[in-house]
Amino acid sequence: MPELPEVEHTRRTLEPHLVGRTVVAARLLRRDIAVAPGDPPGGFSRSRTRRHDAPRRLTRADLLAGERIARLDRRGKQLAIVADSGRALLVHLGMTGHLAWRPPGDRAPAPPHVHATWTLADARGRDAGRLIFRDPRRFGGLWILRSPEDLAARWAALGPDALTITPHDLAARLAATRRPIKAALLDQSTIAGVGNIYADESLFLARIHPATPADRLTADQVAALAAAIRQVLHESLDAGGSTLRDYLDATGRAGAYQDAHRVYGRAGLPCPACGTTLLALRLGQRTTVACPSCQPEPRLPRAGGRGRRVITRR
DNA sequence: CTGGTCTCCTGATCGC
DNA sequence: TGCGATCAGGAGACCA
């Protein structure tokens, strides 16, 4: 669900309620949403072949119980809750994950699919509410990190953050791959934070066809794309993110950027720039919407004289 | 190595 | 109204 703007907006709405607070109790209601050091890659329950591996035991401190929260960091779509001790919890929201802060004395019944909760206290030990992690579809999860080095190691696998991407950095990443630009943008090791919505929105603004091989973009196109990515992400952040179905920030408010989408979810409707009917394509297993007029198909030399269609119309 | 496909899971929506 | 098929904002595993 959430891409960079939604995660960053969650971070900002969570920050005043978490930083400086102490976790007095943590509850993990489903062990299989947490990944600890020593668990198989991706989590003990997330790999079919290793499904039956025994989970490692978790300590109270692994879930930050007894720890004071120093700050909230974000890289791409990942949010890190970092304690004074250097321990951290890395949160992936996946498609339907949600972090919510509930005030002290909140009596609302717990919704279904809550997988973890943290009880907070302020510096004087008074009740400071609770943090709740909910994720119906369970594509998200928690990564337990025991040191700043653990966090640095995980983030080393991510590309540069999309919110501040420069043409220079983007060009370097894109030159290394022949995949369609849309697929490259969705790969978090290329650039961190762009998902299906903002990939389509950025490519439209930059007037680039989503099937264009990444290494064939001109310098001008890469510069336009970097600017478009930053623009779209900032616009969305200013609007509190996009709420298609599930997304709410940490205080329960929906975003408004879905009303400003130029192409995402608008196949069959007129292009906002030229009026041509927007087309839906299937690219990298993901629905992709583009304007056939504003984003013309790249002219490619046919390797060996045999053309191969990269795009399938739906 | 690279890049394409499958899969994990729940729930909303649509067509019949 | 009921029911099955299809589709979702992500990303790791697996395969050629």
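Every chain is numbered from 1, with letters handed out A, B, ... down the list of sequences.
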Looking for any heavy atom pair under 4.0 Å, which part of the strands does [X] touch: base, sugar-phosphate only, or nothing?
X: A:Ser242; value: base
X: A:Tyr198; value: nothing
X: A:Arg245; value: base

Pairs of donor and acceptor atoms involving the side chains of residues 269-276 of chain A, under 3.5 Å and at least two apart or interchain, shall be tabulated with distances.
none

Taking only side-chain N and O atoms of A:Lys77, does any of them lie within less than 4.0 angstrom of OP1 or OP2 on C:dG9? no

N/O donor to acceptor pairs below 3.5 angstrom from side-chain atoms of residues 217-225 of chain A, sequence neighbours left out:
| residue | atom | partner | partner atom | Å |
| --- | --- | --- | --- | --- |
| A:Thr218 | OG1 | A:Gln221 | N | 3.0 |
| A:Gln221 | OE1 | A:Thr218 | N | 3.0 |

Shortest side-chain distance from [X], nucleotide among [options]:
X: A:Thr287; options: B:dG11, B:dG3, C:dA8; value: C:dA8
X: A:Gln285; options: B:dG3, B:dT5, C:dG10; value: B:dT5
X: A:Arg138; options: C:dG12, B:dC9, C:dA8; value: B:dC9
X: A:Arg137; options: B:dG4, C:dG9, B:dC9; value: B:dC9
X: A:Leu244; options: C:dG12, B:dC9, C:dG9; value: C:dG9
X: A:Pro136; options: C:dG9, B:dC8, B:dT10; value: B:dT10
X: A:Arg282; options: C:dG10, C:dA8, B:dG4; value: C:dA8

In short, ring-ring contact (aromatic ring centres under 6.0 Å, His included) pairs touching residues 258-298 of chain A with sequence neighbours left out are A:Tyr257-A:His261, A:His261-A:Tyr264

Return yes when atom CZ of A:Arg230 has more than 12 non-hydrogen atoms of other residues, nucleotides or ligands closer than 6.0 Å, and no otherwise. yes

Expressed as a whole number of Å, how far does the P atom of B:dC1 sit from that of C:dA11? 22 Å

Partners passing side-chain hydrogen bond (donor to acceptor under 3.5 Å, both in side chains) against A:Asp238 (at least two apart in sequence or in another chain): none

Just the dot-bracket of DNA chain B, please: which string comes out with Watson-Crick or G-U pairs under 3.5 Å, [ ] for crossing, | for another strand? .|||||||.|||||||

Which residue is it: A:Arg11, A:His9, A:Arg12? I am looking for the one with a side chain to side chain donor-acceptor pair (under 3.5 Å) to A:Asp249. A:His9

Extract all donor-acceptor atom pairs below 3.5 Å that involve side chains of residues 164-174 of chain A and protein atoms in other chains or at least two apart in sequence.
| residue | atom | partner | partner atom | Å |
| --- | --- | --- | --- | --- |
| A:Thr166 | OG1 | A:Asp169 | N | 3.1 |
| A:Arg173 | NH1 | A:Ser189 | O | 3.1 |

